[in-house]
Amino acid sequence: MVLFDFLGEEELLKIVNIEIAALADSLRNRDIEIRVTDEARLWLVSQHNTSNQGARPLKRFLESQLADPLAEKIILGAVTSGSQVEVSL
């Protein structure tokens, strides 16, 4: 049996940063820049504290709060090549 330690806020924030960096890399291929403020990053962590569940639920939460709405805006043409997107509170 493998036991894992609970994820603290620092670890959750690292996961958020990694996922945002991956999203930014993906968007860069479309010439779209995304910036997520520190305040927004902390809010994302605070709204979905998955310390006892691991990283997967947090990744799904980030998809639903960042990637999916942004993808919809790209499909609708509200965000296009050359756009700069800022996520803040």
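Residues V16 and L89 fall within the same hydrophobic cluster, defined by Ile, Leu, Val, Met, Phe, Trp and Tyr side chains chained together at heavy-atom separations under 4.5 Å.
Side chain of R41 to backbone of V36: a donor-acceptor contact under 3.5 angstrom is found. In this structure, T80 contributes its side chain and G77 its backbone to no donor-acceptor pair below 3.5 Å.
One distance of note links CG of L42 with OG1 of T37; it measures 8.5 Å at 0.5 Å rounding. One distance of note links CD1 of I34 with OG of S83; it measures 11.5 Å at 0.5 Å rounding. To the nearest 0.5 Å, atoms CG (L66) and CD (E19) are separated by 10.0 Å. The CG atom of L23 sits 14.0 Å away from the CD1 atom of I18 when rounded to the nearest 0.5 Å. With values rounded to the nearest 0.5 angstrom, L44 atom CG is found 9.5 Å from L13 atom CG. For the atom pair I32 CD1 and K73 NZ, the distance stands at 12.5 Å (nearest 0.5 Å).
Closest approach of A40 to S88, counting heavy atoms only: CB-CA, 4.1 Å.
Taking the side chain as every heavy atom from C-beta outward, L27 and E33 never approach each other to under 4.5 Å. Looking at heavy atoms from C-beta onward, I74 lies in side-chain contact with R30 at the 4.5 angstrom threshold. Contact annotation: the side chain of E72 approaches that of L76 to within less than 4.5 Å [non-hydrogen atoms, C-beta and beyond].
Within 6.0 Å of CD on E86 lie more than 12 heavy atoms contributed by other residues, nucleotides or ligands.
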